[in-house]
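Here is how names work: the chains are called A, B, and so on, in the same order as the sequence lines, proteins then strands, and each is numbered from 1.
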Number of protein chains: 2
Amino acid sequence: MRESSSTLSTSVFDQIKNEIIGGQLPQGSKIVETELAKKFNISRGPLREALHKLENINLIVKKPHSSTQVVTVDFELMKQVYQMRIVMEGYAARLAAENMTDKEIQGLKDLLNTHQDSIENAGGESYIQKEGDVDFHYYIFSKCGNELLANYLESKVYQLVRMCRIRTSTMKDRVALAYNEHSKIVDAISNRDGEFAEMLMRKHISGAWETIMKLQETQGDS
Amino acid sequence: MRESSSTLSTSVFDQIKNEIIGGQLPQGSKIVETELAKKFNISRGPLREALHKLENINLIVKKPHSSTQVVTVDFELMKQVYQMRIVMEGYAARLAAENMTDKEIQGLKDLLNTHQDSIENAGGESYIQKEGDVDFHYYIFSKCGNELLANYLESKVYQLVRMCRIRTSTMKDRVALAYNEHSKIVDAISNRDGEFAEMLMRKHISGAWETIMKLQETQGDS
DNA sequence: TTTTATTAAATTGTTGACAATTTCATCACA
DNA sequence: TGTGATGAAATTGTCAACAATTTAATAAAA
């Protein structure tokens, strides 16, 4: 996506991040600085900085003088992550209704239309909708007017969301449902009804979490 | 408070943090690694790690290859910080009402009583109540059952709150008012009414923000 | 056999020197 | 006088060696 790798540390940070999210570095696996440094052909200095950044976005956990591990996204953590989404994205929707410019709201409507098209054309192809879902949520919180909020969601919450293998996108039914819910949220924002937008967004994400929980029960842990 | 400084990096991190919050390192002042390293008698390695951590809790801002500055807490940032307090602490109160054990709720009631005593004894001495206010809020979000949420408030929000010089505690009237509002919040939590607790907490912090805004207007910027 | 010291190996924390980049002052030129 | 190029100083980024700490492996004792 972004090509900001002006320094070795940030470059390696991006690479390791992708490997963790992609699963090449498995959850819970032990991280040894010397090994990783050799792997990326850098010294331990910038590597340690990269690891620090990864720790700060909750992708690895460190104990001083001791072990460093890739985070394990268990059920409890995922529950907390979705609680954070519920409260933060809910409020972001409220702020968006209050602060977005008319032009930005029009952009949101356009985004929604492209998603509708892609759903119709792909006949419910889940992957596209999944990306669409992410785009939709990104659009709202990145333009809500509160950088602290947007930055936290992007840098800490969504990294962990990506690491959750079980996705609502695997449920075909939910694609259309999600679109309808998105549509109502856009209406509320367009009507400048912040309170309603917040409530709808909370319900929307709560619903996604309920779906994940059900899948978790039927599929077992992962 | 805490004496966790098992490593040079964390120790210096704590020291610099205190200097920033205390004002010895003024807002907006330029940070030079070599200077700071000399000041604390450490090399630049651990210092850089400390600076990275400080960047992560929003106390300094870095541009790659370029300037590093202590954050400037202007009105816009403070507004965003209080928005975050409103939404996150509101939700924490909801979770607390749902998740706190009976014993923890009793502890909250006890805490409230000690505050009442200190108000009566000190005759409205603001400092004590200010600390009491902080204790009250800390107690709730640290026992809400969501570590991510608690950690966020502690590490990213409250550091910035401390840097805001203008405090509601300077208004004597607000001390008693705050106590009453705290009391109602405790009742809602005790009654396991999460929705009400969230609403009350939102109102409580919104009120504090309104007070700050008024002071800001009369006193001018700072 | 189990438990507890003791010691060696592995790993992280720290340092000072070196390289790359940016910033700022100086000077030439229009 | 103002503007842009040039180079020196300051500052950050990177490296490889060293020190401190933890982990494990081994041996001694109960």
Protein-nucleotide distance ([X], atom [atom1]; [N], atom [atom2]), rounded to Å:
X        : N       : atom1 : atom2 : result
Lys30(B) : dT22(C) : NZ    : C1'   : 10 Å
Phe13(B) : dG13(C) : CZ    : C1'   : 18 Å
Leu47(B) : dG13(D) : CG    : P     : 12 Å
Lys63(A) : dT22(D) : NZ    : C1'   : 12 Å
Gln69(B) : dT12(D) : CD    : P     : 12 Å
Glu49(B) : dT14(D) : CD    : C1'   : 14 Å
Ile31(A) : dT23(D) : CD1   : C1'   : 18 Å
Glu33(B) : dT15(C) : CD    : P     : 14 Å

If only side-chain N and O atoms of [X] are considered, is one of them under 4.0 Å from the OP1 or OP2 phosphate oxygen of [N]?
X        : N       : answer
Ser9(B)  : dG13(C) : no
Arg48(B) : dT12(D) : no
Ser66(A) : dT23(D) : yes

Map Pro46(A) and Glu35(B) onto DNA chain D by nearest heavy atom, then report which one ends up closer to the 5' terminus.
Glu35(B)

Hey, can you pull the donor-acceptor pairs under 3.5 Å for the side chains in residues 55-64 of chain B, sequence neighbours left out?
{"residue": "Asn56(B)", "atom": "OD1", "partner": "Asn56(A)", "partner atom": "ND2", "Å": "2.6"}

Looking only at the side chain of Lys62(B) (C-beta and beyond, no hydrogens), which of the listed nucleotides dT15(C), dT12(C), dG13(D) gets closest?
dG13(D)

Does anything in residues 69-79 of chain A form a side chain to side chain donor-acceptor pair (under 3.5 Å)? List the pairs, not counting sequence neighbours.
Glu76(A)-Gln80(A)

Quick one: side chain to side chain donor-acceptor pair (under 3.5 Å) pairs with a partner in residues 32-45 of chain A, sequence neighbours left out?
Glu19(A)-Lys39(A), Glu33(A)-Arg44(A), Glu33(A)-Arg48(A)

For each nucleotide in nucleotides 16-21 of chain D, reading 5' to 3', give B when a protein heavy atom comes within less than 4.0 Å of its base, S when such contact involves only the sugar-phosphate, and - otherwise.
-----S

Pairs satisfying ring-ring contact (aromatic ring centres under 6.0 Å, His included), at least one member in residues 31-80 of chain A, at least two apart:
Phe75(A)-Trp209(A)

Is the ring pair His204(A)/His182(A) parallel, tilted or perpendicular, if the boundaries are 30 and 60 degrees?
perpendicular

State which residues pass ring pair (Phe, Tyr, Trp, His ring centres under 6.0 Å) with Phe141(B); sequence neighbours excluded, sorted by chain then number.
Tyr138(B), Tyr158(B)

Would you say Asp110(A) and Gln106(A) are linked by a side-chain donor-acceptor pair, where the criterion is simply a distance under 3.5 Å?
yes

